[in-house]
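One structure below.
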Amino acid sequence: MSSSGADQLAPVTWLFGGQPPSAEPHSAPEEPVSPRSARESRGGFDSISNVSMSALARRGMSAQEMYDYLLGRQFSDPEVELECERLRGVGLLDDFVLAETLVRTLRNRKGLGRSALSAELRRRRIDASAIDEALNDLDCGDDELERATALAVRRAPQLRSLDQTTAKRRLGAFLMRKGYSGAVVSAAVAAALAPSGGPVFR
């Protein structure tokens with residue numbers, strides 16, 4: 001064999017369907033997938049109705065909370081408006097019902113007064129007219145005073161080690177944090193720390 005023949009390399013045979021590296025086509029950069037396209041490509045599992053129903057299954061939401069939540073999930077304004085309208089139409093979004101439920105729950109579980117309840121309802125983005133209606137029976141009447149007094153009576157035994165002036169101040173501050181007005185707080189503290197029924201102070 002001649003030296004020229006020995007220097008020749010054997011031809012490279014590529015597997016079926018393969019291409020040499022130099023022959024690889026240049027791939028175009030991938031286009032970014034929009035949130036809407038991504039939802040559609042998953043077969044609708046992330047549809048706006050599924051997202052809203054999943055959110056409502058976790059907790060009650062005000063109409064504004066739902067609106068903001070769906071916008072945050074990258075749905076468009078028209079989609080969100082239609083979905084919120086649908087939920088209102090079937091009674092799943094109702095600020096009046098939610099406000100009434102929250103007032104009842106927060107009063108029973110936490111003993112909150114009118115101002116604290118109002119602040120919590122506003123924080124939940126509940127419609128102002130729904131808040132007013134839910135709080136109509138909390139105008140510092142006997143019921144409000146009774147609840148504040150009951151809270152103060154339960155709290156008073158924890159203040160036995162304090163002098164009466166300090167106990168009154170701390171008990172009053174406790175009730176103020178619960179959202180009761182100054183007049184209700186004064187009456188409740190006086191009732192809870194009255195000599196006949198209050199704790200014995202040092």
Side-chain angles (χ1 to χ4, degrees), residues 33-155 172-188:
V33 179
S34 68
R36 179 65 180 273
S37 299
R39 293 196 299 271
E40 291 174 347
S41 68
R42 289 196 292 272
F45 291 114
D46 218 8
S47 69
I48 192 168
S49 60
N50 286 340
V51 171
S52 65
M53 295 302 291
S54 176
L56 288 172
R58 293 191 293 271
R59 69 162 189 164
M61 300 178 74
S62 68
Q64 190 61 49
E65 281 181 320
M66 178 61 75
Y67 186 87
D68 294 341
Y69 175 74
L70 293 176
L71 282 181
R73 294 296 299 269
Q74 306 301 316
F75 293 101
S76 67
D77 261 320
E79 287 179 300
V80 172
E81 289 280 4
L82 286 174
E83 179 61 11
C84 288
E85 187 61 35
R86 182 187 74 82
L87 293 171
R88 280 191 291 265
V90 297
L92 293 177
L93 274 187
D94 190 324
D95 278 16
F96 288 88
V97 172
L98 179 62
E100 181 183 349
T101 300
L102 287 174
V103 166
R104 183 174 61 252
T105 301
L106 292 170
R107 289 178 76 193
N108 292 339
R109 292 182 182 176
K110 297 185 177 182
L112 299 187
R114 182 185 177 88
S115 64
L117 289 169
S118 179
E120 176 62 16
L121 297 183
R122 290 196 306 271
R123 187 188 70 80
R124 294 292 304 272
R125 311 292 299 281
I126 292 175
D127 182 79
S129 57
I131 294 176
D132 290 341
E133 183 169 311
L135 297 178
N136 274 343
D137 62 342
L138 300 178
D139 292 324
C140 297
D142 292 339
D143 187 51
E144 182 94 337
L145 178 57
E146 286 175 9
R147 288 178 179 276
T149 302
L151 274 176
V153 168
R154 289 199 299 270
R155 182 80 168 186
F174 167 74
L175 293 177
M176 293 292 285
R177 288 195 299 271
K178 290 290 185 179
Y180 292 98
S181 69
V184 169
V185 168
S186 296

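Between Glu100 and Val97, the closest side-chain pair of non-hydrogen atoms is not below 4.5 Å. Taking 4.5 Å as the limit, every side-chain heavy atom of Glu79 sits out of range of all side-chain heavy atoms of Leu70. Under the 4.5 Å side-chain criterion, counting only non-hydrogen atoms from C-beta, Leu56 is in contact with Met66. Contact check for Leu117 versus Arg104: no side-chain heavy atoms found under the 4.5 Å cut-off. When side chains are defined from C-beta on, Arg125 does not count as touching Asp95, because their heavy atoms never get closer than 4.5 Å.
Taking each heavy atom of Tyr67 and Val80 in turn, the nearest pair found is CD1-CG1, 3.2 Å. Closest heavy-atom contact between Ser62 and Leu98: N-CD2, 3.4 Å. The minimum heavy-atom distance linking Ala188 with Ala152 is given by the pair O-CB, 3.9 Å. Closest approach of Ala63 and Cys84 over heavy atoms only: O-SG, 4.4 Å. Smallest separation of non-hydrogen atoms from Phe96 and Ser129: CZ-OG, 3.5 Å. The two residues Val103 and Ala134 make their nearest non-hydrogen contact at CG2-CB, 3.9 Å.
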(request) Please step through side chain to side chain donor-acceptor pair (under 3.5 Å) for the pair Ser54 and Arg58, ending with a clear verdict. (result) CA-CA 7 Å; Ser54 176; Arg58 293 191 293 271; 3.2 Å; yes
(request) Go through the steps for Met176 and Val184 under the test side-chain contact (heavy atoms from CB on, under 4.5 Å), then give the verdict. (result) CA-CA 9 Å; Met176 293 292 285; Val184 169; over 6 Å; no
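The CD atom of Glu120 lies 10.0 Å from the CD1 atom of Ile131; values are rounded to the nearest 0.5 Å. Here CZ of Arg114 is found 8.0 Å from CD of Glu144. Values are rounded to the nearest 0.5 Å. Distance check: Leu135 CG to Leu121 CG gives 5.5 Å after rounding to the nearest 0.5 Å. In this structure, CG in Asp127 is found 9.5 Å from CD in Gln64, a value given to the nearest 0.5 Å. Leu112 contributes atom CG, which lies 11.5 Å from atom CG of Leu175 (distance to the nearest 0.5 angstrom).
Within the structure, the salt bridge (charged side-chain N to carboxylate O under 4.0 Å, His left out) test picks out no pair touching residues 173-183 (sequence neighbours left out). Listed by first and then second residue, the side-chain hydrogen bond (donor to acceptor under 3.5 Å, both in side chains) pairs that reach into residues 81-93 are Ser52-Glu83, Glu83-Arg86, Glu85-Arg88, sequence neighbours excluded.
If you check the side chains of Arg122 and Ser118, you find a donor sitting under 3.5 Å from an acceptor.
Contacts of Glu65 classified as salt bridge (Lys or Arg N to Asp or Glu O under 4.0 Å), with partners at least two apart in sequence or in another chain: Arg59, Arg124.
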